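Contents: one structure, followed by commentary.
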Amino acid sequence: MKKRVMIYDPVPFFGGSKQVAKQLVKQLLPTAHVVVVTNDKETWQDSGAELLHLSTPESLKGQTQGLNFYLKHLWFALQLLWISVFYGRFKRVLGISGPTVDFALYIYRLILPFSVFDLVQLVQGPVPMSRIAGYGIKQADAVFCLETMVDSTKRALAFYQQIPLEQLNEPDSSISQGKIQTFTNGIELDAVSKCPMYEANCSVKNYFIENSAAKKNIRHEKKRSENKLSRSRTNFKDSAKVSLFWCASLLNWKRLDLFLAAVSRASRLVGKPVSANICYILPKDSQHVYWLPGPMPRNIKFYQQPENLDEIRASSSIFISSSEKEPFGLSVLESMAAGLTVVIPHDDAYWDKELEEGKDCFKYTAGDENSLAHALAKLVKDAELRTCIGKAGQEHAQHYSAKNCYQQICKALT
């Protein structure tokens with residue numbers, strides 16, 4: 001008999017956390033009966049899991065603090081209790097959005113008589129240093145964190161337990177015994193649509209060694225960002241084929257405004273409009289949304305959660321991440337796997353540490369539209385450079401197979 005696993009999803013819109021969870025469901029389904037409790041059933045329609053509705057009263061939507069925060073999560077917990085009583089209990093329960101967003105799970109566990117299920121918590125974003133967050137981390141049976149989120153997770157736990165942070169790393173602590181584990185996001189590499197390779201001849205291994213001038217230019221791009229790019233080197237035949245690709249939600253910290261400003265400036269540097277495909281998710285019930293500007297130039301196209309996302313990405317050449325301190329960035333990985341040249345901020349986040357500038361990515365000064373514009377203009381003009389970085393990034397992406405990346409989480413749930 002298959003073990004029953006609950007995936008808890010209280011967030012009303014699609015995002016990276018759900019994309020990870022859907023990959024987990026695919027791996028769990030052969031060995032487990034997976035039930036997703038969600039108020040966003042549309043996102044999960046193609047998951048193959050059984051779906052149960054989670055309702056939210058209008059008065060409690062978007063409440064993140066104070067009495068209404070507790071009332072919202074108590075309401076969610078009572079629904080989970082009702083499901084357990086009338087639908088049946090679960091062997092494992094997974095929270096996918098972090099200890100504060102998934103706080104109802106901890107109330108549910110507290111009020112459910114004979115609560116014998118194992119509670120597994122994913123941490124894919126910063127954990128606030130609060131007693132609520134620390135309580136959730138303490139009560140979870142297993143916590144799987146992205147590498148960039150381990151520090152904030154430990155700080156929240158130390159704050160709740162009122163102990164020095166250093167004490168959590170002692171040999172006899174629950175942390176040292178493996179309660180908090182790290183994981184890396186992955187994708188189904190074979191499912192990613194590949195963009196057509198450029199015609200330029202390029203050896204990824206030798207390009208930057210043989211072309212020392214190009215190597216020097218790449219490494220010192222930020223120092224040269226204020227200098228005007230030479231238009232005499234522009235190959236308009238090649239640049240005409242180039243299309244930029246931006247893909248994220250419209251939350252303010254994703255910085256679509258920065259990208260749009262950089263595209264406008266890059267077009268002036270190149271000497272003609274640079275095409276851009278913008279695929280976006282419009283969050284529901286959020287006070288931190290960047291609202292799209294008025295009419296845009298013809299070279300910029302907008303798509304709201306397009307069904308042919310892979311096709312749009314495959315028709316593009318350069319992917320741009322403009323997010324501030326992205327915990328991971330699945331769009332970066334997907335674009336690398338598709339063979340696009342990825343452009344990321346130099347911000348000490350995950351991909352900034354993982355990728356090498358000029359080899360498998362191109363970097364710009366975080367938050368600087370001028371630096372980003374010069375990076376884009378450089379890549380639009382240089383087809384060979386785009387090809388080399390795209391191929392090297394595609395090779396790097398092969399290390400991020402979903403089956404391998406989520407193996408330990410699946411083991412904890414079955």
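The first residue of the sequence shown is numbered 1, and numbering continues consecutively from there. Being a predicted model, the structure only gives us computed values, none of them experimental.
Considering all non-hydrogen atoms of both residues, L385 and D382 come closest at N-OD1, 3.0 Å. Across D102 and P10, no two heavy atoms sit closer than the pair OD1-CD, 3.7 Å. Taking all atoms of both residues into account, the shortest heavy-atom contact from P99 to G136 is CB-CA, 4.3 Å. Closest approach of C145 to T153, counting heavy atoms only: SG-OG1, 3.4 Å. The heavy-atom pair separating P327 from G125 by the smallest distance is CG-CA, 4.2 Å. The shortest heavy-atom contact between A133 and T100 is CB-CG2, 3.8 Å.
Formation of a donor-acceptor pair under 3.5 Å by the K179 side chain with backbone atoms of K138 is found in this model. A donor-acceptor pair is defined here as one N or O able to donate and one able to accept, closer than 3.5 Å; such a pair exists between the side chain of R109 and the backbone of Q139. Put simply, the side chain of S264 never gets that close to the backbone of A261: no donor and acceptor are under 3.5 Å apart. D9 places no side-chain N or O within 3.5 Å of a backbone atom of I96 that could act as its donor or acceptor partner. Side-chain atoms of Q79 come within 3.5 Å of backbone N or O of S55 as a donor-acceptor pair. Judged by distance alone, the side chain of Q394 and the main-chain N or O of M336 form no donor-acceptor pair under 3.5 Å. No side-chain donor-acceptor contact under 3.5 Å links W44 to the backbone of T38. One N or O on the side chain of S152 and one on the backbone of M149 form a donor-acceptor pair closer than 3.5 Å. Using modelled atom types, no side-chain atom of K18 and backbone atom of D40 make a donor-acceptor pair closer than 3.5 Å. Between the side chain of Y406 and the backbone N or O of G186, at least one donor-acceptor pair lies under 3.5 Å.
In this model, a donor atom of one side chain and an acceptor atom of the other lie less than 3.5 Å apart for Q121 and Y106. For the 3.5 Å distance criterion, the side chains of E334 and Q19 qualify, holding a donor opposite an acceptor.
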Derivation and outcome, side-chain contact (heavy atoms from CB on, under 4.5 Å), residues L260 and V263: CA-CA 5 Å; L260 291 174; V263 172; 5.7 Å; no
Stepwise, does the side-chain contact (heavy atoms from CB on, under 4.5 Å) test hold for F362 with L379? CA-CA 9 Å; F362 211 88; L379 290 169; 3.9 Å; yes
Do L189 and I187 pass the side-chain contact (heavy atoms from CB on, under 4.5 Å) test, and can you show the C-alpha distance, the side-chain angles, and the key distance before you say yes or no? CA-CA 6 Å; L189 296 169; I187 58 175; 3.8 Å; yes
CA sep, side-chain torsions, deciding dist, call: S323, W253, side-chain contact (heavy atoms from CB on, under 4.5 Å): CA-CA 6 Å; S323 302; W253 67 276; 4.0 Å; yes
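To the nearest 0.5 Å, the span separating CZ on R386 from CD1 on I318 amounts to 5.5 Å. For the atom pair I312 CD1 and S243 OG, the distance stands at 10.0 Å (nearest 0.5 Å). Taking CG from L251 and CG from L282, the interatomic distance works out to 9.5 Å, rounded to the nearest 0.5 Å. The NE2 atom of H396 sits 8.5 Å away from the CG atom of L333 when rounded to the nearest 0.5 Å. Going from atom CD of E356 over to atom CD1 of I389 covers 10.5 Å, rounded to the nearest 0.5 Å. To the nearest 0.5 Å, atoms CZ (F245) and OG1 (T341) are separated by 13.5 Å.
Taking the charged nitrogens against the carboxylate oxygens, D310 and R313 do have a contact shorter than 4.0 Å, which makes a salt bridge. Salt bridge K403/E188: absent, no basic N to carboxylate O contact under 4.0 Å. Salt bridge R155/D151: present, at least one basic N to carboxylate O contact under 4.0 Å. For the pair D141 and R92, the salt-bridge criterion is not met [side-chain N within less than 4.0 Å of a carboxylate O].
Put simply, the side chain of I180 reaches to within 4.5 Å of the side chain of I137, judged on heavy atoms. Q124 places a side-chain heavy atom less than 4.5 Å from the side chain of N185. Side-chain contact between I132 and Y70 is present, with at least one heavy-atom pair separated by less than 4.5 Å. Residues Y350 and E147 meet the side-chain proximity criterion, which asks for heavy atoms closer than 4.5 Å. Side-chain contact between L157 and V143 is absent, with no heavy atoms from C-beta onward closer than 4.5 Å. Counting only heavy atoms from C-beta outward, the side chains of Y280 and C247 never approach each other to under 4.5 Å. Proximity of E326 to K254: side-chain heavy atoms (C-beta onward) are separated by under 4.5 Å at one or more points. Taking the side chain as every heavy atom from C-beta outward, C410 and L24 approach each other to under 4.5 Å.
At most 12 heavy atoms of other shown residues, nucleotides or ligands fall within 6.0 angstrom of atom CD in E307. Residue Q398 qualifies as enclosed at atom CD: its count of foreign heavy atoms under 6.0 Å is above 12. More than 12 heavy-atom neighbours from other residues, nucleotides or ligands sit within 6.0 angstrom of CD on Q305. For K301, the NZ atom sits in a loose shell: 12 or fewer heavy atoms of surrounding residues, nucleotides or ligands are nearer than 6.0 Å.
Within the 6.0 Å centre-distance limit, the rings of F117 and Y108 are counted as a close aromatic pair. Outside the 6.0 Å centre-distance limit, the rings of W246 and F319 are not counted as a close aromatic pair.
Each of L256, D257, L258, V343 was evaluated against S322; a single residue qualifies, L258, per the side-chain contact (heavy atoms from CB on, under 4.5 Å) test. Test D348, D352, D347 against K363 for salt bridge (Lys or Arg N to Asp or Glu O under 4.0 Å) and you get one pass: D352. Looking at V37, V35, L80 one by one, the single match for side-chain contact (heavy atoms from CB on, under 4.5 Å) with Y87 turns out to be V35.
Between F76 and H73, the two ring planes are perpendicular [angle over 60°; tilted spans 30° to 60°]. Taking the six-membered ring where tryptophan is involved, the planes of W351 and Y400 are tilted, since the angle between them lies from 30° to 60°.
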